[in-house]
Undergrad: 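Sharing a structure, written as structure tokens. Questions coming.
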Amino acid sequence: MSWELLWALLLACALLYVGLQLVRFARADGDLTLLWAEWQGRRPEWELSDMVVWVTGASSGIGEELVYQLSKLGASLVLSSRTANELERVKNKCLEISNLKEKDILVLPLDLTDRGSHEVATKKVLQHFGQIDILVNNGGRSQRSLFEDTNLDVYKAIMELNFLGTISLTKCVLPHMIERKQGKIVTVSSILGLAAAPLASGYAASKHALHGFFNSLRCELVMHPEISITNICPGPVQSNIVHNAFTEEVSKKLENTGSQEYKMKTSRCVRLMLVAMANDLKEVWIAEQPYLSVCYIWQYAPTWAWWITSKLGRRRIENFKNGLDADSSYFRPLRKKTD
Ligand SMILES: NC(=O)c1ccc[n+]([C@@H]2O[C@H](COP(=O)([O-])OP(=O)(O)OC[C@H]3O[C@@H](n4cnc5c(N)ncnc54)[C@H](OP(=O)(O)O)[C@@H]3O)[C@@H](O)[C@H]2O)c1
């Protein structure tokens, strides 16, 4: 074989490889470290089976699906949110789909904004199970309103719930983990903890605050390397988040919540969360395209990110003002109200 032919073959292989990687990236739904861990890391089935996992926001959406998948792995569960009857429903389903027994699941109603109750709640979990291996800070609410129209009380409420409620519970659980020299603290942030979007200034601020806090806490825990801190950043995922979002006033509900169909399946998001938890990944992005690409652009080319956000943001605001669901039309052509 001549040298020319050999070089041509090598070049063709290299181009094919690059092409394959581009196709893989176009279909990716997680960042590179996460997908690498999914491909060759420790599997959730091996790591999480016998653990005691406390999940906040377990009555709906991502938290609900998370406890279903954890129950199938055999983890013992503490289910928290404000609504006891919804938690009982979730508990019954866990018992139905897994081999867990009544004593393996503790229903513990808890309001994240009622910080005075967090210490007592932690003691109840320790009395019941004797240990907490993983705390999943998942409970939270989003926002759909422009800053200029939004009462400051809404900003206070979002920070009380998403930020202060989360760090308050973490403060109660951490001493126990330090004493046991073991534990994982997992926080469900958002890609809006890294990037920005109009109509969610308070929500993005609360999620950015969580990143600043947990990244700093991880630095403080250098003397306790056995405790891991994982920040999960999902893009749009099917749940009740839009339905439950804050609006211009604390007690006002959103009128048009739109379709959830185009969003990532909750089960896939949760599977990737479990991979991140099993592998103690520090930060993961879980999002389908084009949201995943937006994360990379925000990370590596912030000025371009601003350019793209201003174009898409304008459309999002227009849709919202026209009474359409802003979220579902973010990357879609502007539709008429009558569509
Ligand atoms: N779905 C998405 O597209 C998406 C994207 C990025 C990040 N996230 C994050 O994922 C997490 C879960 O949201 P989700 O999408 O599953 O929404 P969801 O279906 O609305 O669930 C939110 C959960 O939080 C609980 N919660 C709300 N207020 C609470 C309070 N004061 N105290 C305790 N629990 C409270 C709710 O239960 P009760 O009402 O019964 O209290 C519910 O179980 C949130 O932190 C959210 O920011 C979601």
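Ligands are counted one by one from 1 in listed order, and the atoms in each one are counted from 1 as well. Side-chain atoms are counted along with the backbone in the values below, which use heavy atoms only and exclude waters and symmetry mates. Nothing fancy with the numbering, it's 1 onward along the sequence. Keep in mind the model is a prediction, meaning the values are calculated, not measured.
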Undergrad: Which of the numbered atoms in ligand 1 are below 4.0 angstrom from a heavy atom of G140?
TA: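 Heavy-atom distances to G140 below 4.0 Å select 22 (C), 24 (O), 45 (O).
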Undergrad: Could you name the option among G57, S59, A84 that has the heavy atom nearest to atom 37 (O) of ligand 1?
TA: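 Minimum heavy-atom distance to atom 37 (O) of ligand 1 goes to S59.
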Undergrad: Only heavy atoms of P236, strictly under 4.0 Å: list the atoms of ligand 1 that pass.
TA: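 Matching atoms, with element in brackets: 3 (O).
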Undergrad: With no hydrogens and no angle check, is any side-chain donor or acceptor of D104 less than 3.5 Å from a backbone partner on S76?
TA: no
Undergrad: Please check if the side chain of H128 supplies one atom and the backbone of K124 the other of a donor-acceptor pair under 3.5 Å.
TA: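 Here the side-chain-to-backbone pair does not exist.
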Undergrad: Hey, are S60 and N240 close enough side-chain-wise for a donor-acceptor pair under 3.5 Å?
TA: yes
Undergrad: Give the atom numbers and elements of ligand 1 that come within less than 4.0 Å of a heavy atom of S189.
TA: 6 (C), 7 (C), 8 (N), 9 (C)
Undergrad: Quick check: L112 and ligand 1, any N/O pair under 3.5 Å apart?
TA: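 Yes.
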Undergrad: Among the heavy atoms of Q238, does any lie under 4.0 Å from an atom of ligand 1?
TA: no
Undergrad: Considering residues, nucleotides and ligands other than H243, do more than 12 of their heavy atoms fall under 6.0 Å from its NE2?
TA: no
Undergrad: Does the side chain of E283 pick up a donor-acceptor pair with the side chain of N231 at under 3.5 Å?
TA: no
Undergrad: Any nitrogen or oxygen of S60, side chain or backbone, less than 3.5 Å from one on ligand 1?
TA: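 Such a contact does occur with ligand 1.
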Undergrad: So, R180 and E226, do they make that salt bridge, N to O below 4.0 Å?
TA: no
Undergrad: Heavy-atom contacts with T83 under 4.0 Å: which atoms of ligand 1 show up? List them by number with element.
TA: 38 (P), 40 (O)
Undergrad: Heavy-atom distance to atom 6 (C) of ligand 1: which of P234, S80, A157 wins?
TA: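 Considering heavy atoms of P234, S80, A157, the nearest to atom 6 (C) of ligand 1 sits in P234.
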Undergrad: Is G235 in contact with ligand 1, taking contact as a heavy-atom separation below 4.0 Å?
TA: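 It does, in that a heavy atom of G235 comes within the 4.0 Å cut-off of ligand 1.
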Undergrad: Could you say whether the N/O atoms of I62 and ligand 1 ever approach to under 3.5 Å?
TA: yes
Undergrad: Which atoms from ligand 1 have a heavy atom of D111 less than 4.0 Å away?
TA: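 Once the distances to D111 are compared, the set is 30 (C), 31 (N), 32 (N).
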Undergrad: Compare T166, L66, N138 and give the one whose heavy atom is closest to atom 45 (O) of ligand 1.
TA: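 Going through T166, L66, N138 one by one, N138 has the nearest heavy atom to atom 45 (O) of ligand 1.
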Undergrad: Which of the atoms of ligand 1 are close to N244, meaning less than 4.0 Å from one of its heavy atoms?
TA: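 With N244 as reference, the close atoms of ligand 1 come out as 20 (O).
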Undergrad: Which of these, G61, S239, P109, has its nearest heavy atom closest to atom 17 (O) of ligand 1?
TA: S239
Undergrad: Where the side chain of N138 meets the backbone of G57, is there a donor-acceptor pair that is under 3.5 Å apart?
TA: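 A pair under 3.5 Å: yes.
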Undergrad: By the definition ring-ring contact (aromatic ring centres under 6.0 Å, His included), identify the one residue from W307, W285, W306, W304 that meets it with W298.
TA: W306
Undergrad: Say whether, by atom type as modelled, one donor and one acceptor occur between the side chain of H118 and the main chain of C172 under 3.5 angstrom.
TA: no
Undergrad: Would K207 count as a polar contact of ligand 1, with the cut-off being nitrogen or oxygen pairs under 3.5 Å?
TA: yes
Undergrad: Taking N151 for the side chain and D153 for the main chain, is one N or O donor matched with an acceptor at less than 3.5 Å?
TA: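 Looks like yes, one N/O pair under 3.5 Å.
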Undergrad: Between E86 and R89, does at least one N-O distance fall below 4.0 Å, as a salt bridge requires?
TA: yes
Undergrad: From atom 46 (C) of ligand 1, work out which of N85, L110, I241, V188 has a heavy atom at the shortest distance.
TA: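 Result: the heavy atom closest to atom 46 (C) of ligand 1 is in I241.
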Undergrad: Pull out every atom of ligand 1 sitting under 4.0 Å from any heavy atom of Y203, numbered as shown with elements.
TA: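 Close to Y203: 6 (C), 7 (C), 8 (N), 9 (C), 46 (C), 47 (O).
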